[in-house]
Protein chains: 2
Amino acid sequence: MSPSPSTPTAGRPRSGARRLPDATAREEILDAAAELFVRRGYAATSTRLIAETVGIRQASLYYHFANKEQILAELLEATVRPTLTHAEELAGQDPDPAAALHDLVKYDVGVLLGARWNVGILYALPEVATEPFTRFRRERERLRLTYRTLAAAAAAADIDDTDIIGDLVFGLVESVIEMRRELPDLAPPEKLQRAVTAAALRLVGAATNRPG
Amino acid sequence: MSPSPSTPTAGRPRSGARRLPDATAREEILDAAAELFVRRGYAATSTRLIAETVGIRQASLYYHFANKEQILAELLEATVRPTLTHAEELAGQDPDPAAALHDLVKYDVGVLLGARWNVGILYALPEVATEPFTRFRRERERLRLTYRTLAAAAAAADIDDTDIIGDLVFGLVESVIEMRRELPDLAPPEKLQRAVTAAALRLVGAATNRPG
DNA sequence: GTCTATAGACCGATAGAC
DNA sequence: GTCTATCGGTCTATAGAC
């Protein structure tokens with residue numbers, strides 16, 4: 001059997017209380033890094049500070065991750081992947097594009113607002129444009145393309161530039177990242193989900209209540 | 001008379017060709033910093049690299065700016081101020097809220113896409129949350145409030161949560177920042193201005209062609 | 001107004017003990 | 001699996017010459 005998270009098989013036991021009691025050291029590092037990267041940015045977050053937040057020494061990070069970039073890469077991919085999977089399932093199955101778009105927007109907003117940290121902020125870190133994050137960027141581009149496809153299929157007939165419309169819906173959804181960062185009294189997630197889904201459907205020119 | 005930009009009254013003459021021939025050294029520093037902060041982020045941009053880009057030595061920056069933060073603060077405030085001025089004029093004068101919102105969205109998108117560098121990216125730098133940038137944050141918050149006011153006044157009667165609607169229009173407009181960063185073949189500015197203004201009016205529930 | 005030189009701090013990563 | 005110790009590099013900012 002693999003060892004339980006809180007009973008490692010080697011190494012000196014850690015001193016302080018841990019922030020995620022039932023998590024592996026690797027998960028604790030990812031959680032601490034997520035908080036710090038979101039709050040201070042990637043470049044401004046030292047590996048020393050990550051380690052200190054977890055309660056280990058700086059050098060011990062390198063047992064779990066090859067380098068600092070690997071930590072960010074793992075966070076990015078874990079963040080976009082569930083939404084991408086959901087989006088591509090929706091686009092491949094749902095015969096009603098407006099209903100599928102509604103579902104995708106609701107799901108995406110729910111994930112962005114429900115995450116323990118506002119990890120959507122990581123998408124905009126300048127470092128993400130560099131090579132170690134190519135896989136994440138490709139996955140995110142696939143998500144954007146799914147938004148384009150669904151928006152184009154759901155758009156009213158008198159609307160043109162459907163690629164731009166899809167990008168605008170994508171941007172509208174991700175604007176909740178900035179709202180979560182900047183607004184101290186953000187509306188509750190369910191309310192924001194309703195507002196953003198309704199806004200997205202008006203944006204593409206589809207009625208909120210589908211004709212039956 | 002004050003000295004011409006290209007004939008300073010003291011100091012060793014600079015060696016290489018300058019990037020902005022008719023600008024003061026101060027303006028050249030701001031321009032180089034804007035490009036580098038946008039491309040690599042604030043923390044990852046060293047004062048050495050800024051100086052090298054301008055064609056001076058690292059220490060010479062400190063004749064023109066007290067520290068690195070001051071350079072970013074000046075860039076941020078110069079970026080938001082024209083749009084804020086325009087927005088508050090519109091909100092105070094225009095009797096037709098949908099027309100005013102249309103005008104503001106068009107102006108804002110035009111500024112974001114027309115700037116020499118994609119300086120809207122600077123808004124999202126994590127460092128902006130710290131103290132030296134408080135004045136910028138206040139000005140940006142006033143811009144957001146103007147969007148809320150105009151969107152609420154322009155919104156169709158059957159739409160509620162008008163504050164959220166205003167924030168979503170604000171987010172929709174600023175999503176062109178990410179589009180400019182991520183899309184290699186971005187639509188021309190005029191086309192994007194038309195698409196975003198039309199999308200914003202649909203989002204608030206106002207018809208693109210005003211009744212009358 | 002730009003230069004040289006440098007103080008003083010912090011950084012990511014590696015080696016090797018336990 | 002975590003530790004100590006440390007290397008080589010980079011950083012911002014200041015002092016003072018010209």
Side-chain angles (χ1 to χ4, degrees), chain A residues 2-20 23-30 32-33 36-37 40-74 125 127 130-132, chain B residues 2-20 23-30 32-33 36-37 40-73 127 130-132:
Chain A
S2 61
S4 143
S6 46
T7 58
T9 55
R12 193 176 304 187
R14 268 185 269 160
S15 42
R18 41 195 74 195
R19 23 191 300 152
L20 297 174
T24 63
R26 187 185 173 83
E27 288 166 337
E28 284 195 280
I29 292 167
L30 287 169
L36 294 166
F37 291 165
R40 318 165 39 111
Y42 174 78
T45 300
S46 67
T47 55
R48 277 186 166 75
L49 183 55
I50 298 171
E52 186 180 294
T53 305
V54 174
I56 60 177
R57 297 293 195 172
Q58 183 256 353
S60 303
L61 291 178
Y62 291 82
Y63 175 81
H64 301 280
F65 295 92
N67 50 45
K68 191 183 167 188
E69 285 166 337
Q70 277 272 344
I71 301 177
L72 178 57
E74 188 141 328
L125 292 177
E127 291 82 4
T130 61
E131 190 275 330
Chain B
S2 62
S4 142
S6 47
T7 57
T9 55
R12 193 174 305 186
R14 271 185 268 159
S15 42
R18 41 195 73 195
R19 20 190 305 149
L20 297 174
T24 62
R26 188 185 173 84
E27 288 166 337
E28 284 195 280
I29 292 167
L30 287 169
L36 293 166
F37 290 164
R40 320 165 38 111
Y42 174 79
T45 300
S46 67
T47 54
R48 273 187 167 74
L49 184 54
I50 298 171
E52 186 181 292
T53 305
V54 174
I56 60 176
R57 297 294 195 170
Q58 183 257 353
S60 303
L61 291 178
Y62 291 82
Y63 174 81
H64 300 279
F65 295 91
N67 51 45
K68 191 182 167 189
E69 284 165 338
Q70 277 273 342
I71 301 178
L72 178 57
E127 291 82 4
T130 60
E131 191 275 330

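The sequence lines fix the lettering, A, B, ..., with proteins before strands; numbering per chain opens at 1.
We find that CZ of B:Arg14 is positioned 9 Å from C1' of C:dG1, with the value rounded to whole Å. The interatomic distance linking B:Leu49 (CG) with D:dT12 (C1') rounds to 14 Å, in whole Å. In this entry the distance linking CD1 of B:Ile56 with C1' of C:dT4 reads 14 Å, nearest Å. Distance CD (A:Glu69) to P (C:dG12): 11 Å, rounded to an integer number of Å. A:Arg12 places its CZ atom 7 Å from the C1' atom of C:dC18, with the value rounded to the nearest Å. The distance from atom CG of A:Leu61 to atom C1' of D:dT4 is 15 Å, rounded to the nearest whole Å. Atoms NE2 (B:His64) and C1' (C:dC3) sit 12 Å apart, rounded to a whole Å. What separates OH of B:Tyr63 from P of D:dT14 is a distance of 16 Å, to the nearest Å.
Judged as a salt bridge (Lys or Arg N to Asp or Glu O under 4.0 Å), not a single pair has a partner in residues 44-67 of chain A (not counting sequence neighbours).
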Using a cutoff of under 3.5 Å, can you pull out all pairs of nitrogen or oxygen atoms linking the protein to nucleotides 5-10 of chain D, with atom names and distances?
none

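Listed by chain and residue number, A:Ala43, A:Ala44, B:Glu127 satisfy the side-chain contact (heavy atoms from CB on, under 4.5 Å) test with B:Ala43 (two or more places apart in sequence, or in another chain). Taking the side chain to side chain donor-acceptor pair (under 3.5 Å) definition, one finds that B:Arg14 meets it with B:Glu28, sequence neighbours left out. Partners of A:Arg19 under the side chain to side chain donor-acceptor pair (under 3.5 Å) rule, at least two apart in sequence or in another chain, are A:Asp31, A:Glu35. For A:Tyr62, the side-chain contact (heavy atoms from CB on, under 4.5 Å) criterion is met by A:Thr47, A:Gln58, not counting sequence neighbours.
Remark on DNA chain C: of its neighbouring residues A:Tyr62 and B:Pro13, the 5'-side contact belongs to B:Pro13, judged by nearest-heavy-atom nucleotide.
Proximity of B:Ser60 to the phosphate of C:dG1: no side-chain N or O atom is located under 4.0 Å from OP1 or OP2.
Without hydrogens or angle criteria, B:Arg26 side chain to B:His64 main chain gives a donor-acceptor distance under 3.5 Å.
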